[in-house]
Amino acid sequence: DGNMAFDLFLLNAMNHRIAGDKYADNIMFELMNEPVEIESSPGNGDWGLGQAKYFEAFRNWIQPVINDVRSTGANNVIWVPTLEWQGSPQQHVQYPFTGSNTGIAVHYYPAYGGCYDNVNCHNNLWNGQYQPAADRWPKILTENFWFPENDGLVAGSTANYGNTLRANMAASGNVSYMIGFLSDLIYVNDARPANAGLEAKEGAQAAFEWFYEDNNSSCTPTSITPYVQVNAGSWQQTSSVT
């Protein structure tokens, strides 16, 4: 009963926030951050991840949340998370959610799948868990960062981890991404963010290049044939006039 009351409190708070943000083109809803495990049936104490019974339980739990957002009239993009620190999007292929204007929010770090800087391991992880979901829904990586001098979650290089991930995202064609957070990307130290410099870590250096390249690669100029008309004269196909 206590858990149910808390769930209702969260839904009421969410609905209050959605009421002010619905229809906004620049606001999207990521429903939660890094769910890890779920009970296979509410209250039975059987918590877990990575198995069909947990995937089904998560779908049964998250679908009413999606429905509740849509019941407010909000048409904003809804990003649906996954279990396992948002690292198992393949679960939604087995037990799909429904709803318009929806996609899957995932996280991806070098340590996921125990891959770190192993190119083949990351390709297998992507093709086995991430690509099947990308074949059906748009996806967004809302967490992702790396630097090889680390010895934990983010221990990977641009040459092996970063470029492999980028190639897999590009091949999917419908995956958006973020790299790092503010403190990952800039060296704040004692400076205000506006005056701070780019971090030396490889993830930040790659982000500086990727964001620029991806933004410009998708903006092909339209070819224009110039014509000139002087006063009431005829139109002439020329690029200059005196």
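Sequence positions, counted from 1, serve as the residue numbers for this chain.
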ILVMFWY network linking Met169 to Val93, side-chain heavy atoms under 4.5 angstrom: yes

For the student: nearest non-hydrogen atoms of Pro138 and Trp79, plus distance: O-CZ3, 3.6 Å

More than 12 heavy atoms from other groups under 6.0 Å of CH2 on Trp85: no

Closest non-hydrogen atom pair, Gly99 against Thr102: O-OG1, 2.9 Å

Atom pair OG1/CZ of Thr72 and Phe29 - distance to nearest 0.5 Å: 7.0 Å

Stepwise side-chain hydrogen bond (donor to acceptor under 3.5 Å, both in side chains) test for Tyr161 and Asn144: CA-CA 11 Å; Tyr161 166 77; Asn144 169 40; 2.5 Å; yes

Exercise: do Tyr227 and Gln237 side chains pair donor with acceptor under 3.5 Å: yes

Check: Asn160 side chain, Asn118 main-chain N or O, donor-acceptor pair, under 3.5 Å: no

Trp137 and His92 aromatic ring geometry - parallel, tilted or perpendicular at 30°/60° bounds: perpendicular

Asn168 and Asn123: side chain donor to acceptor below 3.5 Å: yes

Close side-chain approach of Leu31 and Val69, heavy atoms under 4.5 Å: yes

Sub-4.5 Å side-chain heavy-atom contact between Asn101 and Arg70: yes

From CA spacing to verdict: side chain to side chain contact (heavy atoms under 4.5 Å, CB included), Ile62, Met32: CA-CA 10 Å; Ile62 202 71; Met32 67 190 72; 3.4 Å; yes

Sidechain-backbone polar pair: Asp117 side chain, Pro148 backbone, donor-acceptor under 3.5 Å: no

Nearest-0.5 Å distance, CG of residue Asn33 to CD of residue Glu143: 5.5 Å

Audit row: Thr164, His122, side chain to side chain contact (heavy atoms under 4.5 Å, CB included) steps and yes/no: CA-CA 7 Å; Thr164 301; His122 281 297; 4.1 Å; yes

Whether Tyr112 and Tyr108 hold their rings parallel, tilted or perpendicular, with breakpoints at 30° and 60°: tilted

Donor-acceptor contact below 3.5 Å, side chain Glu84 vs main chain Leu49: no

Whether Thr238 side chain and Ser240 backbone form a donor-acceptor pair below 3.5 Å: yes

Test item: side-chain donor near acceptor, Tyr54 and Asp46, under 3.5 Å: yes

Any Ile140 side-chain heavy atom under 4.5 Å of Val106 side chain: no

Backbone N/O of Thr158 and side chain of Arg166: donor-acceptor pair under 3.5 Å: no

Leu165 side chain near Trp126 side chain, heavy-atom distance below 4.5 Å: yes

Residues, nucleotides or ligands: over 12 heavy atoms within 6.0 Å of Tyr187 OH: no

Flag, side chain of Asn231 to backbone of Gly233, donor-acceptor distance under 3.5 Å: no

In one Ile/Leu/Val/Met/Phe/Trp/Tyr side-chain cluster, 4.5 Å: Val36, Val65: yes

Flag side-chain contact, heavy atom, 4.5 Å: Trp61 against Ile38: yes

Ser40 versus Ala57, closest heavy-atom pair with distance: O-CB, 3.6 Å

Side chain to side chain, Met28 and Ile78, heavy atoms closer than 4.5 Å: no

Gln63 vs Thr98 side-chain heavy atoms within contact, under 4.5 Å: yes

Separation between NZ of Lys201 and CD of Glu199, rounded to the nearest 0.5 Å: 5.0 Å

Heavy-atom pair of closest approach, residues Ala52 and Gln94: CB-NE2, 3.8 Å

Flag, side chain of Asp184 to backbone of Phe181, donor-acceptor distance under 3.5 Å: yes

Flag, side chain of Ser41 to backbone of Asn44, donor-acceptor distance under 3.5 Å: no

Phe145 vs Leu185, side chain to side chain contact (heavy atoms under 4.5 Å, CB included): CA-CA, chis, key distance, verdict: CA-CA 9 Å; Phe145 198 67; Leu185 297 177; 4.2 Å; yes

Connected via hydrophobic side-chain network under 4.5 Å: Trp146 and Phe211: yes

Donor on one side chain, acceptor on other, Asp214 and Tyr177, under 3.5 Å: yes

Backbone of Leu83 reached by a side-chain donor or acceptor of Gln91 within 3.5 Å: yes

Step-by-step side chain to side chain contact (heavy atoms under 4.5 Å, CB included) determination, Tyr130 to Ile104: CA-CA 10 Å; Tyr130 288 77; Ile104 299 175; over 6 Å; no

N/O donor-acceptor pair under 3.5 Å between Gln86 side chain and Glu34 backbone: yes

Derivation and outcome, side-chain hydrogen bond (donor to acceptor under 3.5 Å, both in side chains), residues Ser172 and Gln131: CA-CA 7 Å; Ser172 294; Gln131 187 56 47; 2.5 Å; yes

Asn174 to Ala134 - nearest heavy-atom pair and separation: ND2-O, 2.9 Å

Ile66 CD1 to Ser71 OG distance, which is reported to the nearest 0.5 Å: 12.0 Å

Nearest heavy-atom neighbours spanning Ala111 and Tyr116: CB-CE2, 3.6 Å

Interatomic distance, Cys115 atom SG to Asn124 atom CG [nearest 0.5 angstrom]: 7.5 Å

Hydrophobic cluster identity match, Trp210 and Leu141, side-chain contacts under 4.5 Å: yes

Beyond-backbone contact of Gln205 with Leu198, side-chain heavy atoms, under 4.5 angstrom: yes

ILVMFWY cluster, Tyr95 and Phe58 together (side-chain gap under 4.5 Å): yes

